[in-house]
Amino acid sequence: MEAALSVAHVSVSRLAVRDLACRRGERLLFSGLSFQVEAGQCLTVVGPNGAGKTSLLRILAGLLHPVAGEVACEPAGEAEPRELCHFVGTREAIKASLTVREHVRFWRDLLGGTADPDAVLAEWRLAPQADLPAGYLSSGQRRRLALARLSAAARPIWLLDEPANALDNAAQAALAARIEAHLAAGGLAVVATHLPIAVKGARTMVIGGAAP
Amino acid sequence: MTATGLAASFWNLANPTRFLALSGRVLPWLAGLAALVTAAGLYMAFFTAPPDYQQGDTVRIMFVHVPSAWLALFLYAMMSLSALGTLVWRHPLADVSQKAAAPIGAAFTLLCLITGALWGKPMWGTYWVWDARLTSVFVLFLIYCGILALWRSIDDPGRAARAVAILTLVGFVNIPIVKFSVDWWNTLHQPASVFRLDGPAIHPTILVPLLVMAVGLSLVAIALHLSGMRTEILNRRVRTLTILQADHPSEGGI
Amino acid sequence: MSAFAALVRRDLVLAARIGGGGYLSLLFFMVVVALVPFALGPDLNLLSRIGPAILWLAAVMATLIGLDRLFQADEEDGSLDVMLGASLPLELAILAKVLAHWLTTGLPLALCVPLFGLLVALPAEAMAPTALTLLIGTPGLTAIGAVGAALTATMRRGGLILAVIVAPLMVPSLIFGVSAANAAMGGTVPFTTPLAILGAISLVALVTAALAGAAALRGGE
């Protein structure tokens, strides 16, 4: 697993965004947005509701086409950006009737990971619930299960949309520590949040200007 | 004209504002011409064309039936072309062209079915048979209806255009089936008699009014299509302005 | 386990747990078949003549009835975003979902033809050929339906519109499926000719489902 982790991480040294513009329906959310995130860095994106934080992350994940501008992973390899990143959105991709362990195993196989599901669950403090159908989880536990996808398969770029929602203080601290470990291993992260998140050395970028 | 010049003028026309200005000037003339040619065609169909020696006066239904059938297919082909424009070239007017063509195509398909049924009763002794040509045209009508329903059920115009474009292209399978059904299956419906490799198999006294009607109804279809496109562009502008106003209520009304 | 197999397995497990696929569509198939004799009257000669048509029509309806959730459920809860992030091409992911859906809908229907054939007085020698036409034809029905399911994935109430846009496209499968089954009951056409065409339609439908479905799901953004 360690080998896979480092190999995956070597492949991206920088995420570069140039002159990005995004439109949802008739609204121009932002334009002329440029920034870079180097390996080992975390960028926090803040801004008012409707400023386009989620849309920005979806563009970075390759799930949404920007109207202008480009997203580049450097060095440019054969893999597409969508295969290099984890996008954990507010919709948690959880099926009520599958057990917690089945979720992790499915994500691992789908995303091409090698992790042991039980080790992943222990890491996210979900081991006691491993055989429970996910429909019985509390909202904090659901959030942790969604985040467990980050450990199920190693990918260098983490794109997290409001990851700390519904998490208690201990879980928030654990999340921050997990992100720091990811950065230390040479990964990079972009986090959209309105809650302050305690990742050491994280830069903050404001989009959307003044609140309406 | 150089290639880039041609591309530039193409994109100028692609600009909705340009399109509105130009089509606004052309449309009244086009509509007038369409009315004139169709009126001339109808006059010839009813008064100058001789009754058929077998079919009698019912043959006059054909002057509406045949051009409707051509237009039903032609408009679907045009919709498919616009669908390619939406999916491949992301042309700003392709969505609008697709959307405007659908109800017109559906109307001509229905006209074709109804006139065919009215003709079938005296000639075949029944309004409807499940013959390959009739069935495939009926399926064409159902596909048109499905396309109209899909347009109505997705709010966002861009998203609706992509979805409808995919459905249109998948439904295109039916077009060759309609065209060649009379050749592939031994059907009650007669085979093609105008567009044939060895020339038309119709006497000029019938062929000329038929072609005049075809030109007239095509002009009607084009005029309706242009006017539908104009309406759709204006509708989208109203929609955009409404949303922008909701975002910035202080900046005055529309 | 490969990503393709993982996706098929997950959908099969979900179908078994929720009961949305599998035996429910089989029950629906049975109910439709059982309604026909009530509508026509218990004329066994008539029933055995139109038996293959009844079975095929019921198969079309049973396929349509569950398909609207094929992509909608994954779209709603965000699973589709995860699938888009897999290195598995979306075209193959769609085929995986089509396969899982067919295994829980089309395959059981085809296997149960001997049972339901009795209800519509299907002659014994026509049982196996009719089952074979369904076995070859239902993957095509599911694939055509999958295009509609992909187009309506983002709609709250996609069921009716799905049936409206997809049913006309199922006409060719229906025509050749029924004519193959009728050929097996005697007639001038050899059984294999319409059967081969049916197979070709199913293959074309699978390719179309993969390409058009992927374009539709990507276009949903």
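Worth saying up front: this structure is predicted, and the values here are computed from it rather than measured. Below, chains carry the letters A, B, ... as their sequence lines are ordered, and counting in each starts from 1.
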Which pair of heavy atoms, one from [X] and one from [Y], lies closest together, and at what distance?
X: R155(A); Y: G85(C); result: NH1-O, 2.8 Å
X: L111(A); Y: V82(C); result: CD2-O, 3.8 Å
X: A86(C); Y: L110(A); result: CB-O, 3.4 Å

Sort out for me which of L88(C), D74(C), D77(C) touches chain A most, counting heavy-atom pairs under 4.5 Å.
->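 Going by pairs under 4.5 Å, I would pick D77(C).
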
Supply the atom-to-atom distance [X] [atom1] to [Y] [atom2], rounded to the nearest 0.5 angstrom.
X: F106(A); Y: M83(C); atom1: CZ; atom2: CE; answer: 5.0 Å
X: R105(A); Y: R9(C); atom1: CZ; atom2: CZ; answer: 6.0 Å
X: L64(A); Y: D81(C); atom1: CG; atom2: CG; answer: 10.0 Å

Atom group of A93(C) that falls short of 4.5 Å from chain A, counting heavy atoms = neither

Going by residue number, which parts of residues 92-100 of chain A are within reach of chain C, meaning a heavy-atom gap below 4.5 Å?
-> E92(A), A93(A), I94(A), K95(A), S97(A), L98(A), T99(A)

Just wondering, more than 12 heavy atoms not from L118(C) lying within 6.0 Å of its CG?
-> yes

Considering residues, nucleotides and ligands other than M61(C), do more than 12 of their heavy atoms fall under 6.0 Å from its CE?
->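 Open: at most 12 neighbouring heavy atoms sit under 6.0 Å from CE of M61(C).
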
Non-hydrogen side-chain atoms of R91(A) and E75(C) separated by less than 4.5 Å | yes

